[in-house]
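Here's the structure we're looking at; comments come further down.
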Amino acid sequence: MLTGYHIAVIGGDARQIELIRKLNEWGAAVYLAGFDQLNESFREAVDLDLDSKQVEQLDAIILPVPGTDGNGNIEGIFSNQLIQLKEEWLKKTPPHCQIYTGIANEHLYTLAERADRKLIPLMDRDDVAIYNSIPTVEGTLMLVIQHTDFTIHGSKVIVLGLGRVGMSLARTFHHLGADVSVGVRTTSSAARVYEMGLTPIDMKRLEGRDMSCDILINTIPSQVVTPGIIKQLPSHALILDLASKPGGTDFRYADKRGIRALLAPGLPGIVAPKTAGRIIADVVSRLIQDHSRKENEA
Ligand code: NAP
């Protein structure tokens with residue numbers, strides 16, 4: 001399936017283990033950086049030497065789900081080495097080489113643009129985000145069960161946001177017997193919430209609205225869980241913020257009020273790294289092959 005393709009996997013967490021396994025299984029030549037402390041060895045993968053001719057053969061570079069930090073540094077839990085993605089290095093790859101990342105920041109976009117290489121933030125894709133919502137929901141259930149002493153069944157749950165994650169969460173909590181309301185900002189989302197048998201809350205008209213609940217789950221990457229909302233929560237309530245860092249909750253205010261509030265990033269990588277790695281592997285492999293097919297047709 002990927003025979004003849006040269007793919008570098010740089011840094012990451014347990015998700016990359018499954019990704020590397022699949023790339024090997026599908027016949028790709030795999031180059032690794034940031035895995036020197038991994039106990040398991042991949043017989044068919046070789047260490048990536050950033051200064052060697054290997055770089056000139058690469059068809060794709062796969063970065064960790066969080067991408068790089070603001071300086072281009074790539075984090076990896078299997079190495080203490082600091083790997084920095086640099087424009088000069090990217091320019092040594094062939095022009096068709098694509099960079100895959102989970103999410104991208106300004107720095108990474110600029111780097112890719114300057115090196116004239118295509119950057120593909122996988123989590124921007126609906127297919128990846130929807131598949132990924134499955135382990136995200138399972139991780140959320142795990143945290144809710146761990147941090148409450150009451151059942152989900154019969155509890156009042158508010159989910160903020162009806163995107164790829166919010167929709168999966170709202171449906172799952174509803175099926176488990178919770179009384180679910182969903183915070184949305186458009187009339188079409190409100191209609192969808194109603195169609196699902198749930199209660200819509202208009203995020204633009206929260207003033208005076210009853211927001212008390214047992215479990216508040218935020219998926220909106222904006223400061224939406226404000227002191228006004230937190231004030232209404234009973235002392236046993238749990239706030240779980242799934243939105244990308246720094247989340248959308250006033251954590252200081254929640255702490256002051258004695259309300260448990262957790263920022264819970266990266267749940268797929270924590271609860272189901274194998275599934276999450278497989279999701280990335282499937283999509284990346286399809287995209288690499290589509291890209292090379294298009295290049296050949298052009
Ligand atoms: P999404 O599909 O883009 O959904 C985001 C939702 O937030 C949409 O419903 C959007 O409304 C709403 N929204 C955005 N800004 C808003 C605002 N200012 N006021 C009201 N609503 C607003 O994203 P997603 O894939 O569901 O992911 C949601 C978040 O979870 C992201 O930050 C993502 O990085 C994160 N995430 C976390 C984990 C984890 O393990 N913790 C896993 C996956 C994703 P509209 O539809 O009206 O635009």
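Just follow the structure's listing: the first ligand is 1, and inside any ligand the first atom is 1. Remember, it's a predicted structure, so these values are computed and weren't measured experimentally.
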For [X], is at least one N or O under 3.5 Å away from an N or O on ligand 1?
| X | result |
| --- | --- |
| Gly163 | yes |
| Leu267 | yes |
| Pro268 | no |
| Asn132 | no |

Subset of ligand 1 atoms that lie under 4.0 Å from at least one heavy atom of [X]:
| X | value |
| --- | --- |
| Ser222 | 18 (N) |
| Thr186 | 47 (O) |
| Pro221 | 32 (O) |
| Val165 | 24 (P), 25 (O), 26 (O), 27 (O), 43 (C), 44 (C) |
| Leu162 | 9 (O) |
| Leu242 | 30 (O), 35 (C), 36 (N), 37 (C), 38 (C), 39 (C), 41 (N) |

For ligand 1, note which part of [X] has a heavy atom under 4.0 Å away: side chain, backbone, both or neither.
| X | result |
| --- | --- |
| Pro265 | backbone |
| Arg185 | side chain |
| Ala264 | backbone |

Which protein non-hydrogen atom lies closest to [atom], naming both residue and atom, and how far is it?
| atom | answer |
| --- | --- |
| atom 42 (C) of ligand 1 | Thr136 OG1, 3.3 Å |
| atom 2 (O) of ligand 1 | Arg164 NE, 2.6 Å |
| atom 28 (C) of ligand 1 | Thr219 O, 3.1 Å |
| atom 7 (O) of ligand 1 | Ile220 CG1, 3.6 Å |
| atom 32 (O) of ligand 1 | Ser244 N, 2.9 Å |

Q) Do any non-hydrogen protein atoms sit less than 4.0 Å from atom 34 (O) of ligand 1? A) yes
Q. Taking 4.0 angstrom as the limit, do Lys92 and Glu88 come out as a salt bridge?
A.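 So Lys92 does not pair with Glu88 through a salt bridge.
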Q | Basic-acidic side-chain contact under 4.0 Å: Asp127, Arg286 | A | yes
